[in-house]
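Here the structure comes first, spelled out in structure tokens, and everything after it is commentary.
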Amino acid sequence: MTTTSRTHPAPPARPLDRAVGDWVVVVPVKDTRHGKSRLAPAVGPDRADLSTAIASDTLDAVCAAVGPERLVLVTADAGLAPLWRARGARVVDDPGAGLNAAVRAGIATAGPGTRVAALLGDLPALDAASLRSALDTAGRLGESFVPDAQGVGTVLRCGRGFVPRFGADSAARHEADGAVRVAVPLPRLRTDVDDVHSLVLARALGLGPATSALLAHRASGWMRSMQATVHRFDPETHTGSVLRDDGVELPFTAPAFESSGLRLLRVGQRLTVEVVDDLVVGLRIVGVGPGEPIR
């Protein structure tokens, strides 16, 4: 079935609806030994621990938003399952048939007629306020969903007894089912992490404590620091590229520039850059900034 595209704008700010507490939030988390395969080339053996940290920060935010008794964790992860069961969450075994099957298992546990919010488990920048705001908006609608930052995927699907259709182009599929696209300006909710680029975006927003701590202690093993020269810079988009000293061009995104504290770059300027998997994730000028020796 196809339907006319409907976009629901963010409502005027008002106190959170008390009905936010009526939601059951289903979070599917893949076994962290096998999760985040697209991060493997960049982070190597830290992939499993990074997957665990990302999931933990997501689940912590859910608990802070609705309470552990209203969290349903669907997972086969032997470390996460007992930990979150002990914290009061309902834990359901992942049936092992993919993301949508995992969400369906969680919905079945929630019970018929329950208001369910299915949330991706890879949102390390998520905070409770963002989730509560989205649920407050969804509570005034019927079936709804929140798209990812690109507007193509889905990070949150809300309703009663719906069929989850997560995966590639899921926003269009959820919309075709009649769900309202909720265009809330909540980047902490809408930034899911599955590769280095999205990790950079989440890092610029501010990561949860588990992911932040892991990057602080482990990232030096896969984040290379080097000298480079500015090759391109667009002052409108804050994107551009640098040239390594061997002539290889490396791109950088707006978050990498904006988190640097720099106000402008000029072609030919020398910088120190942090690079992960051939993506520039940090920019700085040696000798400029707190604790930087001039040399």
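Along the sequence shown, residues are numbered consecutively beginning with 1.
With hydrogens and angles disregarded, a donor-acceptor distance shorter than 3.5 Å links the side chain of D246 to the backbone of V248. Judged purely by atom type and a 3.5 angstrom limit, D77 uses its side chain to pair as donor or acceptor with the backbone of T32. Listed for the R157 side chain is no donor-acceptor partner under 3.5 Å among the backbone atoms of R165. In this structure, R244 contributes its side chain and Q227 its backbone to no donor-acceptor pair below 3.5 Å. A donor-acceptor pair is defined here as one N or O able to donate and one able to accept, closer than 3.5 Å; such a pair exists between the side chain of T114 and the backbone of A110. Remark: the backbone N or O of A172 is not paired with any side-chain donor or acceptor of D169 at under 3.5 angstrom. T75 places a side-chain N or O within 3.5 Å of a backbone atom of V29 that can act as its donor or acceptor partner.
Screening V280, V275, T229 for a side-chain contact (heavy atoms from CB on, under 4.5 Å) with V242, the sole residue that qualifies is V280.
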Under 3.5 Å, which donor-acceptor pairs link side chains of residues 81-90 to any protein atom two or more places apart or in another chain?
| residue | atom | partner | partner atom | Å |
| --- | --- | --- | --- | --- |
| R87 | NH1 | D60 | OD1 | 2.8 |
| R87 | NH2 | D60 | OD1 | 3.3 |

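Every residue meeting the side-chain contact (heavy atoms from CB on, under 4.5 Å) condition with A76, not counting sequence neighbours, appears here in chain and number order: D94. Among residues two or more places apart in sequence or in another chain, the ring pair (Phe, Tyr, Trp, His ring centres under 6.0 Å) test is passed with F257 by F233, H238.
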- Yes or no on side chain to side chain contact (heavy atoms under 4.5 Å, CB included) for V146 and R190, after CA distance, side-chain angles and deciding distance? CA-CA 7 Å; V146 176; R190 297 178 63 178; 3.8 Å; yes
- Query: Between T211 and D57, does a side chain to side chain donor-acceptor pair (under 3.5 Å) hold up when you go through it step by step?
  - Reply: CA-CA 7 Å; T211 309; D57 284 332; 2.7 Å; yes
- Can you check salt bridge (Lys or Arg N to Asp or Glu O under 4.0 Å) on D278 and R224, steps first, answer last? CA-CA 9 Å; D278 290 335; R224 297 167 290 150; 3.5 Å; yes
- Show your reasoning for whether side chain to side chain contact (heavy atoms under 4.5 Å, CB included) applies to L59 and C63. CA-CA 6 Å; L59 295 168; C63 284; 5.6 Å; no
- Message: The test is salt bridge (Lys or Arg N to Asp or Glu O under 4.0 Å); show your working for E249 and R232 and say whether it passes.
- Response: CA-CA 10 Å; E249 184 178 0; R232 293 184 295 103; 3.1 Å; yes
- Message: Applying side chain to side chain contact (heavy atoms under 4.5 Å, CB included) to V92 and V72, what does each step give before you reach the verdict?
- Response: CA-CA 7 Å; V92 178; V72 176; 3.7 Å; yes
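Inter-residue side-chain proximity for V74 and V26 is flagged as met; some heavy-atom pair is nearer than 4.5 Å. A heavy-atom distance below 4.5 Å is found between the side chains of V103 and F166. Between Q269 and I285 there is a side-chain heavy-atom pair separated by less than 4.5 Å.
In this structure, CG on L189 lies 9.0 Å from OG on S133, to the nearest 0.5 angstrom. Considering CG of L126 and OG1 of T191, their distance stands at 10.0 Å, rounded to 0.5 Å. To the nearest 0.5 Å, atoms CG (L156) and OG (S130) are separated by 11.5 Å. Rounding to the nearest 0.5 angstrom, the gap separating the CG atom in L214 from the NE2 atom in H217 is 9.0 Å. Going from atom CG of L120 over to atom CG of D148 covers 8.5 Å, rounded to the nearest 0.5 Å. For the atom pair S51 OG and R33 CZ, the distance stands at 12.0 Å (nearest 0.5 Å).
In summary, the side chains of T154 and H174 do present a donor paired with an acceptor at a separation below 3.5 Å, with no hydrogens or angles considered. Under the 3.5 Å distance criterion, with hydrogens and angles disregarded, no donor-acceptor pair is assigned to the side chains of T52 and D49.
Taking each heavy atom of A256 and F252 in turn, the nearest pair found is CB-CB, 4.3 Å. Nearest heavy atoms, L199 versus L50: CD2-CD2, 4.3 Å.
Heavy-atom contacts from other residues, nucleotides or ligands closer than 6.0 Å to CG of D234 number more than 12. Other residues, nucleotides and ligands place more than 12 heavy atoms under 6.0 Å from the CZ atom of R188.
Both I54 and L279 belong to a common hydrophobic cluster when Ile, Leu, Val, Met, Phe, Trp and Tyr are linked at side-chain heavy-atom distances under 4.5 angstrom. Hydrophobic clustering, with ILVMFWY side chains joined whenever heavy atoms are under 4.5 angstrom apart, keeps L201 apart from L215. A continuous path of hydrophobic side-chain contacts links L262 to V273 [ILVMFWY only; heavy atoms under 4.5 Å]. In the hydrophobic cluster analysis, where Ile, Leu, Val, Met, Phe, Trp and Tyr join through side-chain heavy atoms closer than 4.5 angstrom, W23 is grouped together with L141. By the criterion of side-chain heavy atoms lying less than 4.5 angstrom apart, applied directly or through intervening Ile, Leu, Val, Met, Phe, Trp or Tyr residues, V62 is grouped together with V182 in one hydrophobic cluster.
With salt bridges taken as basic N to acidic carboxylate O contacts below 4.0 Å, none links R160 and E143. Between D127 and R132, no side-chain nitrogen of the basic residue sits less than 4.0 Å from a carboxylate oxygen of the acidic one, so the salt-bridge criterion is not met.
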